[in-house]
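Just below is one structure, and these are the notes that go with it.
Read the numbers this way: they start at 1 and go in the same order the structure lists the ligands and their atoms. Source: prediction; values computed, not measured.
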Amino acid sequence: MFSGIQPTADSFHLGNYLGALREWVVMQDDYDAFYCVVDQHAITIAHDPAELRERTRLSVAQLLAIGIDPDRSTLFVQSHVPEHAQLTWVLECLTGFGEASRMTQFKDKSARQEEDHVSVGLFTYPALMAADILLYRADAVPVGEDQRQHLELTRNLAQRFNSRFGGTLTVPAAHIPKETAKIQDLQDPSAKMSKSVPGGVVELLDEPKRSAKKIRSAVTDTGREIVHDPEGKPGISNLLAIYSSLSGRTIPELQAAYEGKGYGDLKKDLAEVLVDFVTPFQEEVRGYLDDPAELDRVLARGAEHARSVAADTLREVYDGIGFLRPL
Ligand code: AQP
């Protein structure tokens, strides 16, 4: 399996964690897992170089702190494995312009920027993502709902390469969790929780008291009943999904426990659950950041193994496409 996360913020948020990263931790038990901090994706929008370096380290420290075990999984940084960029070029040449133009993430992200700042890289980002996945012949890709369309494109590209060039690329499947596929913004439960909208996002490295306050002031719905009904009650349903996955209590269990109580009670308790989760997490992150040499060693080991796998796949693709092998 393969999955990646961008080092584009100082902290991962609850949507990243519940939509994808939690699955990464669970799946490393059963899969040959490749986890990547995708720094090349991070430069598709304007960025600061020093900040990118800092955030890449921070991302690695957070992944270790949530429980990614570098002895069981291959943890690495995308730019350390040049095969990602090399395969991307081939995949870009297999992707139709119209096909790429239909990607809703591009439409959303480009709409948030001034026209001159929308890079060609942002447009071709899905081909880089497809390369990330196909290089490791991944069967499963744990991601949030927002990545479903990119996964579909990846599947199409693998099938296209296989049928045109007689390849054996693995056609991957998205692995999207049921209850937490899309964690919503706390201030606007009709929108996805996203680092680009600071008001309604819970950042895992934020001051726990601030995060607790954000939960307590989350927008809820009309009425008083605490029931899971994403259509009719998006606010409270979002809080129930977060509560359930952080506490391990099922949604029906929570509904029963809060029968007759108010939204305020649920928010207060969820705020405590959140603080109990982020406090030790933050301590672990600080521990990893205190030893940058060890982080570098972990990444060097990860990149070495990733390269050995990626190089084999790239060779097959280059042969299939008709590139002459160098002596
Ligand atoms: N709200 C979310 N609910 C569930 N899953 C989510 N993911 C992101 N937001 C949610 C999943 O997190 C993983 C890493 O995503 P990324 O590296 O692409 O992060 P991102 O998309 O930059 O995060 P944002 O906050 O969503 O960024 P913007 O605002 O730039 O769009 C992925 O598996 C993703 O599905």
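With respect to Lys192 and Asp146, a salt bridge is recorded, a charged nitrogen being found less than 4.0 Å from a carboxylate O. Comment: Asp32 does not engage Arg137 in a salt bridge, judged by the lack of any side-chain N to carboxylate O separation of less than 4.0 angstrom. Using a 4.0 Å cut-off between charged nitrogen and carboxylate oxygen, Asp206 and Arg210 count as a salt-bridge pair. The pair Glu294-Arg297 meets the salt-bridge criterion, since a charged nitrogen lies less than 4.0 angstrom from a carboxylate oxygen. Checked for salt-bridge contact, Lys268 and Asp265 miss the test: no charged N lies under 4.0 Å from a carboxylate O.
Remark: Glu54 CD is loosely packed, at most 12 non-hydrogen atoms of other residues, nucleotides or ligands lying under 6.0 Å away.
Counting heavy atoms closer than 4.0 Å to ligand 1, residue Thr180 contributes backbone atoms (N, CA, C, O) but none from C-beta onward. When non-hydrogen atoms are compared, ligand 1 lies under 4.0 Å from the backbone of Ala181 (N, CA, C, O) but not from its side chain. Under 4.0 Å from ligand 1, the heavy atoms of Asp146 that appear belong solely to its side chain. Heavy atoms from both the backbone and the side chain of Lys195 come within less than 4.0 Å of ligand 1. With a heavy-atom cut-off of 4.0 Å, Ser196 touches ligand 1 through backbone and side chain alike. Contacts between His13 and ligand 1, counted as non-hydrogen atom pairs separated by less than 4.0 Å, involve the side chain only.
The two residues Ala311 and Glu83 make their nearest non-hydrogen contact at CB-OE2, 3.8 Å. Counting all heavy atoms, side chain and backbone alike, Leu240 lies closest to Val227 at CD1-C, 3.8 Å.
The nearest heavy-atom contact from the protein to atom 26 (O) of ligand 1 is Lys192 NZ, 2.5 Å. Ranking protein heavy atoms by distance to atom 6 (C) of ligand 1, first place goes to Gly15 O, 3.4 Å. The protein non-hydrogen atom at the shortest distance from atom 8 (C) of ligand 1 is Asn16 ND2, 3.3 Å. At the shortest separation from atom 3 (N) of ligand 1 among protein heavy atoms lies Ile183 N, 2.9 Å.
Atom numbering of ligand 1 starts at 1 in the shown order; those under 4.0 Å from a heavy atom of Lys182 are 3 (N), 4 (C). Close approach to Ala20 involves these atoms of ligand 1, each under 4.0 Å from a residue heavy atom: 13 (C), 33 (O). Using a 4.0 Å cut-off to heavy atoms of Gly19, the atoms of ligand 1 that qualify are 4 (C), 5 (N). Each of the following atoms of ligand 1 lies closer than 4.0 Å to a heavy atom of Gln147: 18 (O), 35 (O). The atoms of ligand 1 that sit less than 4.0 Å from any heavy atom of Ile5 are 14 (C), 17 (O). Close approach of ligand 1 to Ser194 is summarised as follows: ligand atoms under 4.0 Å from at least one heavy atom of the residue are 25 (O), 28 (P), 29 (O). With ligand atoms numbered from 1 in the order given, ligand 1 contributes 1 (N), 2 (C), 9 (N) to contacts under 4.0 Å with heavy atoms of Met193. Each of the following atoms of ligand 1 lies closer than 4.0 Å to a heavy atom of Gly144: 5 (N), 33 (O), 34 (C), 35 (O).
In this structure, His84 and Phe76 have tilted ring planes: the angle between them lies in the 30° to 60° band.
Not a single heavy atom of Val197 lies less than 4.0 angstrom from ligand 1. Using a 4.0 Å heavy-atom cutoff, His175 is absent from the residues neighbouring ligand 1.
Not one N or O on the side chain of Glu316 forms a donor-acceptor pair closer than 3.5 Å with the backbone of Gly167.
In this model, a donor atom of one side chain and an acceptor atom of the other lie less than 3.5 Å apart for Ser79 and Asp39.
Partners of Phe106 under the ring pair (Phe, Tyr, Trp, His ring centres under 6.0 Å) rule, at least two apart in sequence or in another chain, are Phe123.
Of the candidates Lys109, Gln6, Glu203, it is Gln6 that places a heavy atom closest to atom 18 (O) of ligand 1.
Screening residues 164-188 for ring pair (Phe, Tyr, Trp, His ring centres under 6.0 Å), with sequence neighbours left out, gives Phe161-Phe165.
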